[in-house]
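Structure record follows, encoded as structure tokens.
Positions are given from 1, in the same order as the sequence printed here.
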Amino acid sequence: MDNADIARVLDEVADLLEIDGANPFRIRAYRNAVRTLETQTASLCHAVDEGLDLTELQGIGKEMASHVAELCRKGHLDLHQELLERVPGGLTDVMRLSGVGPKKARKLWQELDVASVDELEKAAQAGKVREIEGFGERSEQKILSGIQEFRQHVARVRLDEADRHVAPLLAYLRDADGTDRVEVAGSYRRRKETVGDLDVLAITGDDATAAAFMQRFRDYDQVSDVVMSGDTRSSVLLRSGLQVDLRVLPPESYGAAMVYFTGSKEHNIRLRQRGVERGLRISEYGVFEVDEGAERQAQKKGGERDPTAGKRVAGADEEEVYAAVGLPWIPPELREDRGEIAAAEKGALPRLVTLDDVRGDLQMHSTWSDGKNSIEEMIEACAERGYEYMALTDHSKALAMTGGMDAAKLRRQWKEMDEVVGRHPEIRLLRSMEVDILADGSLDLEDEMLDQLDLVLVSVHSRFELPADEQTERILKAVRHPQVDILAHPTGRRLGFRKAMDFDLDAVLEACAENAVAVELNAHPERLDLKDTHLMRARELGIPVVISTDAHNSSGLDLIRYGIEQARRAWLEPKHVLNTLPLKDFLAALGHPDAA
């Protein structure tokens with residue numbers, strides 16, 4: 001099993017235990033283990049084979065290490081099978097629906113014999129859910145709405161989940177003899193937040209090598225089903241349910257195929273139109289001069305047009321494909337037909353933000369709330385990444401289940417900070433907090449304490465179901481508070497788990513612009529909040545964006561790359577991102593006295 005499979009099984013064990021009413025501490029141990037295992041790049045099964053001690057990994061105790069070993073050895077986990085005999089596996093999807101959760105999923109199962117999303121939908125449509133104590137008509141409608149949301153995402157996987165499957169697949173394919181290049185195209189390459197399937201393109205030397213390469217692809221140990229098999233194209237389903245299409249290409253067509261299969265469809269249509277205006281045909285095979293006489297002759301004979309007819313003028317790499325129609329190369333993240341071709345023609349493509357531009361991470365959590373590492377460990381991890389500054393943003397007291405802090409606890413945290421920072425002059429630690437926006441729009445920390453923070457983040461963690469007008473007024477009140485610096489994960493969405501809150505986002509963004517409040521692009525791949533189109537609107541309004549990880553352990557700091565990719569899709573340059581500024585300029589932007 002690969003690392004993603006192991007993490008998926010243990011995550012489902014945690015779900016099943018939660019539905020089964022197990023001890024919350026035991027469930028949390030599984031959740032923590034999954035977080036750790038998801039970040040591991042080296043093969044866990046290889047580590048087991050080598051006799052390495054997995055308990056050296058954070059959050060992996062003896063029981064978890066034995067589970068990993070059992071999964072590697074047997075391909076399944078006995079505990080997982082035992083739980084599935086007690087609790088229907090389909091309930092793990094039910095519990096993720098908006099308005100359900102594990103306790104309600106168990107109640108629905110016990111009282112209505114609902115064991116899947118489909119069965120729950122039928123029960124809700126028949127009006128049976130509202131009859132159960134603790135639900136009602138409003139809950140029933142919310143569940144039906146949540147099912148629609150679930151179905152929109154079920155056929156797609158989050159980008160980070162796709163990454164976990166792509167890395168070992170590419171390593172396996174690139175190890176084949178006679179293969180010059182193997183890359184992934186499609187929405188994955190454009191770094192969309194979710195992907196439906198994977199388009200893999202490869203160059204091989206000759207027909208015999210191509211045939212052997214195709215066979216190697218079909219023999220990959222994660223393949224559960226071969227959907228289609230051919231000499232130059234094959235499609236398979238991985239055990240994760242992800243479909244992968246592989247195409248083998250000659251070198252002279254590789255660049256054209258990368259453009260074509262990267263997309264988007266709308267971008268490619270614009271590109272082909274430019275080709276037609278110049279007497280060129282652009283396809284996955286290359287760029288060709290159109291022979292109008294041969295075209296007419298083929299039409300008269302009723303035959304199909306030869307996609308490679310005419311003189312080839314480009315196709316081996318993407319740069320020459322774009323150059324053939326008078327354009328510079330366009331980064332994949334921009335290829336959504338949002339004006340990128342017009343900008344390229346004018347020489348006005350943005351200098352997109354990169355990971356190297358980021359000088360600090362402005363949302364993370366420590367053991368003072370629900371983080372897994374100490375203050376010093378988080379400081380050291382940020383310093384190792386070359387950051388000039390960082391903000392520790394543990395939760396405020398409203399989130400009691402996270403160990404959120406009141407004023408007294410916050411003062412104790414500051415005392416520890418003062419003790420630690422002296423040992424780390426290489427980085428500036430900002431006093432901060434992720435302060436809850438309460439239901440009435442007030443903040444979950446006294447103004448006296450807010451005044452003593454270097455940076456104030458505010459966010460919504462409750463009452464997501466408020467009517468749109470109430471939710472809008474709630475957030476507007478918060479961002480108009482004079483101490484607020486950043487509105488964190490503004491829409492509250494969690495991809496595949498919870499849809500965005502219903503509120504007037506444009507009104508909130510305008511209020512942020514008016515009150516000099518930055519908006520966060522939360523880089524956690526489960527959030528990626530704000531989405532790309534919202535970030536483009538923020539850019540139009542001149543609102544600074546902050547890219548932060550919301551890391552709950554030191555390894556979570558690496559998730560910053562997903563935020564960078566989302567920012568690039570929104571055309572953001574370093575000048576649009578507040579935490580690309582050097583420390584002094586950053587503090588000045590906040591109006592901090594140290595900047596003077």
Side-chain angles (χ1 to χ4, degrees), residues 1-20 22-87 89 91-93 95-96 102 157-172 175 220-224 238-242 367 370-373 377 381 496 524-526 551-559:
M1 302 187 82
D2 65 13
N3 294 1
D5 285 327
I6 293 169
R8 176 179 51 79
V9 171
L10 293 180
D11 196 32
E12 186 164 318
V13 166
D15 290 342
L16 295 168
L17 286 170
E18 197 161 8
I19 295 168
D20 201 36
N23 185 302
F25 293 102
R26 187 182 182 199
I27 296 165
R28 192 176 305 160
Y30 280 89
R31 301 286 189 212
N32 292 342
V34 169
R35 282 185 182 178
T36 295
L37 298 179
E38 285 179 335
T39 63
Q40 301 307 303
T41 54
S43 168
L44 292 165
C45 288
H46 179 71
V48 170
D49 290 341
E50 294 292 311
L52 300 180
D53 184 4
L54 296 182
T55 62
E56 293 181 0
L57 297 175
Q58 183 180 6
I60 305 298
K62 290 183 179 179
E63 183 180 27
M64 296 302 158
S66 69
H67 286 339
V68 173
E70 183 180 346
L71 285 163
C72 291
R73 186 176 65 253
K74 297 163 60 174
H76 70 270
L77 185 65
D78 288 343
L79 173 61
H80 185 223
Q81 301 299 320
E82 291 168 10
L83 286 167
L84 286 172
E85 290 177 5
R86 295 206 305 269
V87 180
L91 286 180
T92 60
D93 288 334
M95 69 174 275
R96 288 187 170 88
V157 299
R158 289 200 323 251
L159 189 55
D160 62 318
E161 294 171 346
D163 278 338
R164 289 197 289 271
H165 297 292
V166 165
L169 173 62
L170 289 183
Y172 171 80
D175 199 38
Y220 182 49
D221 63 6
Q222 294 301 307
V223 170
S224 64
L238 301 184
R239 292 195 314 208
S240 64
L242 194 61
T367 49
D370 59 344
K372 306 306 173 189
N373 289 98
E377 287 170 335
H524 195 292
E526 188 180 284
H552 283 66
N553 55 43
S554 57
S555 61
L557 295 167
D558 292 333
L559 297 176

Look at the side chain of Asn373 and the backbone N and O of Ser554, then say whether any donor-acceptor pair between them is shorter than 3.5 Å. yes
Min side-chain heavy-atom separation Leu559-Pro525 under 4.5 Å: yes
So the salt bridge (Lys or Arg N to Asp or Glu O under 4.0 Å) pairs with at least one residue in residues 59-77 (sequence neighbours excluded) are Arg26-Glu63, Glu70-Lys74, Lys74-Asp78
Report the relative orientation of the aromatic rings in Tyr30 and His67; use parallel for angles under 30°, tilted for 30 to 60°, perpendicular for over 60°. parallel
Would you indicate whether the side-chain heavy atoms of Glu12 and Leu84 approach each other to under 4.5 Å? yes
Please lay out, stage by stage, how Asp221 and Tyr172 fare under the test side chain to side chain contact (heavy atoms under 4.5 Å, CB included). CA-CA 10 Å; Asp221 63 6; Tyr172 171 80; over 6 Å; no
Spacing of Thr367 atom OG1 and Asn553 atom CG [to the nearest 0.5 Å]: 12.0 Å
To the nearest 0.5 Å, how far apart are CG in Asp11 and CG in Leu16? 10.0 Å
Is there side-chain contact between Glu18 and Arg31, with at least one heavy-atom pair below 4.5 Å? yes
Tell me, do Asp49 and Cys72 make a side-chain contact under 4.5 Å, heavy atoms counted? no
Please assess Val87 against Asp15 for the test side chain to side chain contact (heavy atoms under 4.5 Å, CB included), listing each intermediate value before the final yes or no. CA-CA 10 Å; Val87 180; Asp15 290 342; over 6 Å; no
Counterpart residues, side-chain hydrogen bond (donor to acceptor under 3.5 Å, both in side chains), relative to Ser224 (two or more places apart): none
Would Leu79 and Glu82 satisfy side chain to side chain contact (heavy atoms under 4.5 Å, CB included), going step by step from the backbone distance to the final call? CA-CA 5 Å; Leu79 173 61; Glu82 291 168 10; 4.1 Å; yes
4.5 Å side-chain heavy-atom contact, Val166 and Leu170: yes
Which value, rounded to the nearest 0.5 Å, describes the distance between Leu242 atom CG and Gln222 atom CD? 11.5 Å
So Leu10 and Leu77, do their side chains get closer than 4.5 Å, heavy atoms only? yes
From CD (Glu526) to CG (Asp160), nearest 0.5 Å: 8.5 Å
Which atom of Leu557 lies closest to which atom of Ala381, heavy atoms considered: CD1-CB, 3.5 Å
Residue list, side-chain hydrogen bond (donor to acceptor under 3.5 Å, both in side chains) with Asp20, at least two apart or on another chain: Arg86
Atom CE of Met64 and atom CG of Leu57: how far apart are they, to the nearest 0.5 Å? 13.0 Å
With rounding to the nearest 0.5 angstrom, report the NE2 to CZ distance, His524 to Arg158. 7.0 Å
State, yes or no, whether a side-chain contact exists between Met95 and Leu91 at a heavy-atom distance under 4.5 Å. no
Between Ala162 and Val157, the two heavy atoms sitting closest are CB-CG2, 4.1 Å
Could you tell me which non-hydrogen atom of Leu54 sits nearest to which non-hydrogen atom of Val68, and how far apart they are? CD1-CG1, 3.6 Å
